[in-house]
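Only one structure is covered here, and it is reproduced in the block below.
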Amino acid sequence: MKFFGFKGGVHPPENKIQTENQAVEILAAPKMVFIPLLQHIGVPLTPCVEIGERVLKGQIIADSEAFLSVPVHASVSGTVKKIENLPFPLMGNVQTIVIENDEQEEWTTLEKLPEWKNSTKEELLKVIRSKGIVGLGGAAFPTHVKLNPPADVKIEVLLLNGAECEPYLNSDNRVMIEEPSKVIEGIKIMKHILNVDSAVIGIEDNKPEAIEAMRKACQGTNIEVMPLKTMYPQGGEKSLIKAILNKEVPSGKLPSAVGVVVNNTTTAAAIYDAIVNGLPLIDKVVTVTGKGIEQPKNLKAVIGTPISMLLENCGYKEEVVEKIVMGGPMMGMAQLTLEVPVIKGTSGLLALTKQETNYCKPKACIGCGKCVDACPMSLEPIMYARLAEFSQWEEMAKYHLMDCIECGSCAYICPANRPLTEAIKIGKAKLRTMKK
Ligand code: SF4
Ligand code: SF4
């Protein structure tokens with residue numbers, strides 16, 4: 001296959017070397033787990049357990065009938081101690097179920113479909129939903145919805161995002177290296193659901209071990225591995241489609257508009273576990289790194305583990321840390337407290353020093369246009385900062401603000417350190433409020 005590349009993008013220091021060769025270690029579950037009821041794009045869930053109730057590992061503890069929703073599960077067996085609003089890593093407070101771990105590891109009965117080839121699309125999607133599977137590349141979009149495009153849309157290609165283009169992160173990389181057959185089996189299940197012949201796994205060329213592992217696991221299948229020239233934000237759906245298939249997804253449309261569904265490689269492994277082993281999504285591999293960490297690692301932690309535990313396990317050097325980020329440095333969220341939990345979408349925890357955060361005061365825009373050149377969505381970030389200064393939210397919409405994927409490439413490249421991503425996030429929030 002030919003590599004086509006995508007428009008724009010930047011190449012920040014990769015900082016992957018610290019954890020790329022660190023095999024995943026299992027972190028023991030904590031005494032208390034904190035399970036927020038909003039871990040997917042969509043509406044918050046309603047608890048289906050009560051305070052004082054005993055729950056089994058893997059049991060559904062909250063769900064919703066809303067179209068865009070998936071349940072959450074107990075990640076330990078134990079007793080529900082509290083259901084209350086607690087700090088949430090993606091902003092503000094969210095209703096959270098607190099379970100005291102009884103350390104019995106007593107599992108609920110697990111529904112599974114090991115003979116999945118004999119199952120219908122509907123049966124498989126039902127199980128994928130019931131196991132709480134969401135996109136693990138960051139967006140946390142419910143996977144059963146993504147795998148069920150409208151009947152009049154013909155999907156021709158399934159693309160797998162193994163780019164992991166954010167600096168510092170190696171969680172997808174390690175899953176591909178350590179569990180390649182799970183990823184491939186998960187892809188086969190998705191192909192069966194979507195009724196497509198063709199699947200391509202895109203992996204950036206700074207992950208040679210993952211490329212080799214996935215190539216070996218692909219042998220004898222019609223799944224192909226495509227090495228991609230490392231460039232941020234190649235993992236964005238539209239960038240990946242352009243880089244591998246040379247197709248442009250029109251403004252405001254989904255990848256299915258060009259006959260493509262994109263899913264993350266770690267999501268593929270989670271689908272395999274859900275269908276074949278009956279396992280709900282109750283743990284996640286998290287890269288813990290940054291100069292504020294003595295022993296950078298890739299840890300597998302149960303959902304609901306406070307991030308303080310992961311940091312302490314890796315030798316957290318509080319005195320030198322300027323900022324804690326959940327996710328990568330480009331799109332991750334700065335954390336105000338260490339008492340927020342690991343959630344389904346957590347791929348990394350960065351303990352960054354002053355030198356790494358590299359904060360400089362904003363200066364006046366010099367009109368260099370570098371932000372426009374770097375934008376993978378062909379937008380004009382320079383206009384967003386100007387318009388936001390004067391609260392011109394509707395004007396921002398005319399410049400296709402809602403197509404922005406908040407990748408941060410414009411802010412990264414700006415020589416004047418203009419707060420472009422902040423302007424974009426505020427503008428989007430204002431427009432959403434105005435729509436209501
Ligand atoms: S405008 Fe949005 S999509 Fe374009 S570079 Fe900036 S953050 Fe990324
Ligand atoms: S990169 Fe920064 S300085 Fe250059 S045009 Fe964009 S906002 Fe202005």
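Both ligands and their constituent atoms are indexed starting at 1 by order of listing. The analysis underlying the following values was restricted to heavy atoms, covering all of them including side chains, and did not include hydrogens, waters or symmetry mates.
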So for atom [atom1], which belongs to [X], do other residues, nucleotides or ligands contribute more than 12 heavy atoms lying within a distance under 6.0 Å?
X: Glu318; atom1: CD; result: no
X: Lys354; atom1: NZ; result: no
X: Lys317; atom1: NZ; result: yes
X: Lys247; atom1: NZ; result: yes

Closest contact, heavy atoms only, Pro381 versus Leu420: O-CD2, 3.8 Å
Minimum-distance pair of heavy atoms, taken over all atoms of Ile184 and Cys218: CD1-SG, 3.5 Å
So, Cys407 and atom 6 (Fe) of ligand 1: N/O/S under 2.8 Å, yes or no? no
Atom 2 (Fe) of ligand 2 to nearest N/O/S of Cys414 below 2.8 Å: yes
Picking from Val286, Leu27, Asp283, Leu299, what satisfies side-chain contact (heavy atoms from CB on, under 4.5 Å) with Val342? Val286
Are any of the heavy atoms in Ile424 under 4.0 Å away from ligand 1? yes
Considering non-hydrogen atoms of the protein only, which is the closest contact for [atom], and what is the distance?
atom: atom 6 (Fe) of ligand 2; result: Cys371 SG, 2.4 Å
atom: atom 8 (Fe) of ligand 2; result: Cys365 SG, 2.3 Å
atom: atom 4 (Fe) of ligand 2; result: Cys368 SG, 2.3 Å
atom: atom 2 (Fe) of ligand 1; result: Cys404 SG, 2.3 Å

Contact between Gly369 and ligand 2, counting heavy atoms under 4.0 Å? yes
Subset of ligand 1 atoms that lie under 4.0 Å from at least one heavy atom of [X]:
X: Gly408; value: 7 (S), 8 (Fe)
X: Ile405; value: 3 (S)
X: Met377; value: 3 (S)
X: Pro376; value: 5 (S)

With heavy atoms of [X] as the reference, note each atom of ligand 2 found under 4.0 Å away.
X: Arg418; result: 2 (Fe), 7 (S)
X: Ile382; result: 5 (S)
X: Pro415; result: 1 (S)

Pairwise side-chain contact, Leu228 with Ile203, heavy-atom cut-off 4.5 Å (strictly under): no
For Asn417 and Lys361, which I'm curious about, is there any donor-acceptor pair between the side chains at under 3.5 Å? no
Could you tell me whether the side chains of Asn264 and Asp172 share a donor-acceptor contact shorter than 3.5 Å? yes
From atom 3 (S) of ligand 2, work out which of Leu420, Ile413, Ile366, Val372 has a heavy atom at the shortest distance. Ile366
